[in-house]
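Below, chains carry the letters A, B, ... as their sequence lines are ordered, and counting in each starts from 1.
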Amino acid sequence: MLDQNLSRYIWTHTRPQQLWILFVVAVSMIPYFMSFNLPKMIVNGPIQGAGFEDPNATQTFSRIAFDLPWVGNIVLFDGVEVTRLGMLMALSAVFLGLVIINGLFKFYINIYKGKLGERLLRRIRFTLVDQILRFPPATFKRIKGAEVSSMVKDEVEPLGGYTGDAFVAPALLGGQALTALAFIFVQSVPLGLITAVLVAVQALIIPRMRRRLLVLGRMRQLTARELAGRVSEIVDGVNTIHSYDTSNYERADISDRLGRIFKIRFDIYQWKFLVKFINNFLSSITPFLFYSVGGYLALNGQLDVGQLVAVIAAYKDLPGPLKELIDWDQLRQDVQVKYQQVINQFAVDGMIDPALQDPATDTATARLAPPLAAVNLSVMDDSSAVGLNRVNFALYPGQAVAIVGTAGSGSEILAEALARIVWPTGGKVVAGEADLLTLPEALTGRTITYADSDTYFFFGTLGDNLLYGLKHAPTAPEGDDTAALTWNRKESLLAGNPHYDSACDWIDYASVGANGPEGLLPAVFAVLDTVGMTKDVLDLALRSTVNPANHGDLAQSIVTMRHTLHDTLLEQNLDGLIVPFEPGAYNVEATVFENLLFGNAILPELRSGVITSNPYFRQVLEAQGLGDRLYAMGIEVARNAVELFSDLPPDHPFFQQLTFMTADDIPDYQLLLQKLDSGSAAATEADRAAMIRLSFDYIEPRHRFGLLTADLMAAIVAFRAVFLDGLPDDLRQGIEPYDPDGYIVSGTLLDNMLFGRISQKYRDGADRIYAAVAALLPKLGLYDTVLAVGLDFHVGAGGKRLTNAQRQKLSMARALIRHSDYYIFNRPLSALDGRVQMQLLGKTLEFLRQGGRDPGIAWVVSSPRMAERFDRVVVLDRGTVVDDGTYADLAQKNGVFKDLISS
Amino acid sequence: MLLNDEVKMLRQVPLFAGVSPAKLKLLAFTSERVGYRAGDVLFQQGDVGDSAVVILAGRADVVVEGAKGPIKVAEIGENAIVGEIAILCDIARTATVIAQTEVEALRIGKDNFLKLLADFPEMTIEVMRVLAQRLSQTTMELTEARNRLVKSGA
């Protein structure tokens with residue numbers, strides 16, 4: 001738990017360091033004050049000549065001697081005799097030395113304070129996240145993720161900067177101010193009193209005025225946090241916003257909030273500068289009093305002029321520290337408010353006991369005592385609506401129970417309660433005799449597996465997410481004691497963070513029956529098969545761009561596969577399906593641009609839309625005589641497109657067929673053609689480039705305008721070699737040529753297997769090729785490797801790059817790969833159609849009982865008919881269990897279940 | 001074969017006889033040019049119809065699944081259009097069409113075809129005319145068949 005008082009919190013966690021830094025600061029004062037005295041010594045001594053009246057006079061430099069009581073005079077160092085010039089140089093050298101020493105002290109102190117602050121920041125942030133992990137589940141209905149993350153990230157940030165100064169600054173600045181004040185008192189008591197009163201006024205009024213600033217600061221913090229929450233809501237709900245045309249409502253809301261924030265911030269500015277003004281005024285009223293009152297006293301002879309000058313000189317040193325002290329106090333209060341704001345948000349009742357989350361490795365073999373049961377279980381939500389009412393239900397290992405009920409029946413809540421996601425408000429969920437909530441998560445989180453329709457995935461690859469449920473504790477011993485690791489561990493300890501190494505292997509291989517990373521893949525493939533996701537993963541793999549270096553000799557195998565695939569297609573009489581890329585031939589199924597470049601453009605400036613502005617490309621194009629020909633071709637393409645489409649309204653579906661221009665471009669091209677045909681004006685460079693670009697996308701078998709002659713194709717093929725050979729150095733990395741014997745890193749896996757374009761000529765060509773590829777992979781021993789590539793697919797934020805159905809299947813796979821004693825499924829496949837759900841349900845039940853395993857399974861089914869596959873059926877209605885028995889019995893009996901299956 | 005040649009072929013199809021060449025060119029451009037080898041199936045009886053096909057070259061057999069196996073009911077060649085009924089009234093394919101030789105064809109997607117009908121009434125009338133002709137032909141044949149049945153039964 002975090003202390004309510006920030007200063008106490010800082011003191012508790014950094015006491016030794018604070019004391020050390022105070023000590024260092026105190027020590028640093030010695031050279032600091034010595035350097036004050038030195039200029040006077042230099043000016044009075046060697047420069048003005050005090051003690052050097054005789055040109056040959058010398059003085060002792062650097063004599064170190066003490067007069068100690070009882071001991072007498074001790075001379076440590078006799079010193080050296082130096083002349084006037086020598087003395088000047090020696091003292092200047094000392095001055096330089098002191099400057100360096102002072103600088104080094106400052107350097108050390110600043111770094112030390114920084115380290116102290118950052119460490120404390122790390123500690124606070126970790127504690128906050130740790131608390132989030134221990135919030136009771138119901139808390140998450142009230143809080144917004146973005147607001148919490150803005151608290152953890154932004155709102156505690158200033159605490160780091162404050163930590164280093166929490167104790168040092170008041171000690172240092174207070175000391176300086178007191179010294180100056182005392183000096184004034186020594187010179188003149190009345191002036192000292194005046195100063196003291198004015199300082200007291202400043203010290204009383206300014207913080208009082210700043211109280212308003214603190215209130216405003218708190219409001220600013222809250223409004224900013226809410227803004228963060230709203231922005232993330234807009235991002236999350238953007239589809240709803242678009243489909244209901246409420247974007248302007250959101251705009252209005254944001255503008256309104258920004259207006260409020262502006263008003264608060266502007267208020268803050270006004271107050272801040274008002275306070276500053278008053279502060280400055282009070283500071284400068286003191287000298288005014290010195291001059292008037294002190295001058296009056298001096299005129300009356302009650303004060304001598306020297307004293308007055310000394311007081312005024314001493315006063316120069318007072319406002320600086322004083323102002324900084326007041327600023328420090330302001331920062332303190334500000335940070336204290338922020339800190340309290342944050343920790344109050346994190347003070348939640350019923351936090352999970354940290355002991356329950358201890359990463360125990362010995363629980364891996366521990367078992368829950370059977371059965372997993374709900375005893376008089378009642379669940380009410382925060383509005384006191386009853387979700388479950390005194391439900392009794394027991395699930396024994398080896399049993400497969402279907403939980404049936406309509407949406408409001410409480411069946412889903414029962415599943416959530418069994419999985420510890422919802423906490424009971426009455427009664428309890430027990431394993432054997434023990435209340436589930438008192439058992440460590442390390443035990444329940446491994447022996448109970450839960451999956452529901454609401455999938456969540458972490459940002460990362462598909463494979464990472466699939467294995468997420470196996471990462472309970474680091475399994476491999478931590479790596480060698482490298483310097484980095486040692487440093488990590490030491491720092492974690494100092495900031496009160498745990499020192500697990502997140503980079504080491506966390507996957508619990510033993511729990512899936514594998515003895516290491518090698519044994520894992522078969523288990524992964526088995527679950528993917530069970531949930532019917534193998535084809536999806538294969539698909540993702542074939543469409544992904546991979547760095548073959550990460551996959552052994554994959555590149556070589558794929559290149560070899562090109563020939564095998566060709567032979568296979570030949571066997572099946574499908575050899576015309578792929579038109580391969582050949583360095584010396586035009587590929588009619590590829591675009592003109594692909595044929596020109598004969599490679600993938602990697603640099604943006606070489607992409608088809610902009611390459612016409614590349615000087616080298618244009619130069620080669622013109623040198624090869626292709627400029628005019630492609631220009632003429634572009635004009636023909638434009639002519640055809642205009643002729644075909646100019647009569648159609650811009651939203652006509654036929655425009656989808658028009659790949660090389662949009663409906664809006666048609667009138668422009670029409671005008672351009674008219675201009676060129678009438679000969680009224682010559683084509684400009686831009687017109688020419690536009691037409692050439694138009695020719696780039698042309699594919700003869702697809703567009704069938706009849707624009708490619710054998711002669712032109714030959715010229716395009718000839719262009720390739722010239723273009724590639726003369727490529728300037730800066731473009732050399734910008735293009736990856738198609739090499740029949742090499743892997744194209746910038747292409748997808750499928751592109752590399754085909755090394756050509758699928759012919760448009762045959763209906764379903766893509767499907768046939770796909771089938772051929774899928775059939776060929778196992779024969780070549782590449783199936784596993786390619787499937788593993790699919791596991792590297794990045795699922796995006798929250799898994800958004802997967803379809804709904806894929807997400808649910810992946811969520812199911814993530815559950816099935818775990819070997820648990822109980823499996824709780826809560827309508828896990830609701831996004832799939834009924835037939836597929838039924839099929840996956842059967843496969844899942846079979847899968848879970850493979851290899852002599854005998855887990856207890858509770859499945860909230862989405863349709864009552866699915867209950868037929870289970871040993872036992874439990875029917876819920878309006879929060880209570882109304883029927884319990886076998887499917888056959890319940891289907892006979894007149895009751896809720898019969899109504900459900902007949903409806 | 002180029003777009004212009006396809007247009008010439010399409011003009012031979014009775015259904016499109018009244019449609020202007022410019023529109024036929026558009027139809028050709030928005031359609032898919034496909035090739036089939038001998039033995040390839042163009043449509044499978046019972047499948048959902050998503051397109052009509054105009055044969056540009058080659059011949060194909062129209063086959064119906066009968067009680068005693070497939071029965072060949074017709075043979076179609078150049079300029080024939082098949083499959084247009086299924087896309088007009090959303091019914092499953094009433095017959096299987098198999099390429100007898102190598103076939104070059106133009107596949108007109110359902111949406112494009114319907115859009116074309118909506119945009120060009122002259123084409124709709126042409127379709128109606130052809131369908132009406134077919135209906136009267138069928139009615140005639142049915143009457144003849146009945147008469148024969150009555151005679152043989154009597």
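To the nearest 0.5 Å, atom CZ of residue Phe705(A) and atom CG of residue Asn4(B) are 9.5 Å apart. How far OG1 of Thr30(B) is from CG of Leu644(A): 9.0 Å, rounded to the nearest 0.5 Å. Rounded to the nearest 0.5 Å, atoms CZ (Arg702(A)) and CD (Glu32(B)) are 9.5 Å apart. One distance of note links CG of Asp5(B) with CZ of Arg704(A); it measures 10.5 Å at 0.5 Å rounding.
Annotation for Arg11(B): atom CZ does not count as buried by contact number, only 12 or fewer foreign heavy atoms lying within 6.0 Å. A 6.0 Å sphere centred on NZ of Lys72(B) holds more than 12 heavy atoms belonging to other residues, nucleotides or ligands.
Here the closest heavy-atom approach between residue Leu3(B) and residue His703(A) is recorded as CD2-O, 3.8 Å.
No other option in Ala22(B), Gly35(B), Ala28(B) has as many heavy-atom pairs under 4.5 Å with chain A as Gly35(B).
Proximity to chain A (any heavy atom under 4.5 Å) is shown, for Asp111(B), by neither the backbone nor the side chain.
Side chains of Glu643(A) and Leu26(B) form no contact here, defined as non-hydrogen atoms less than 4.5 Å apart.
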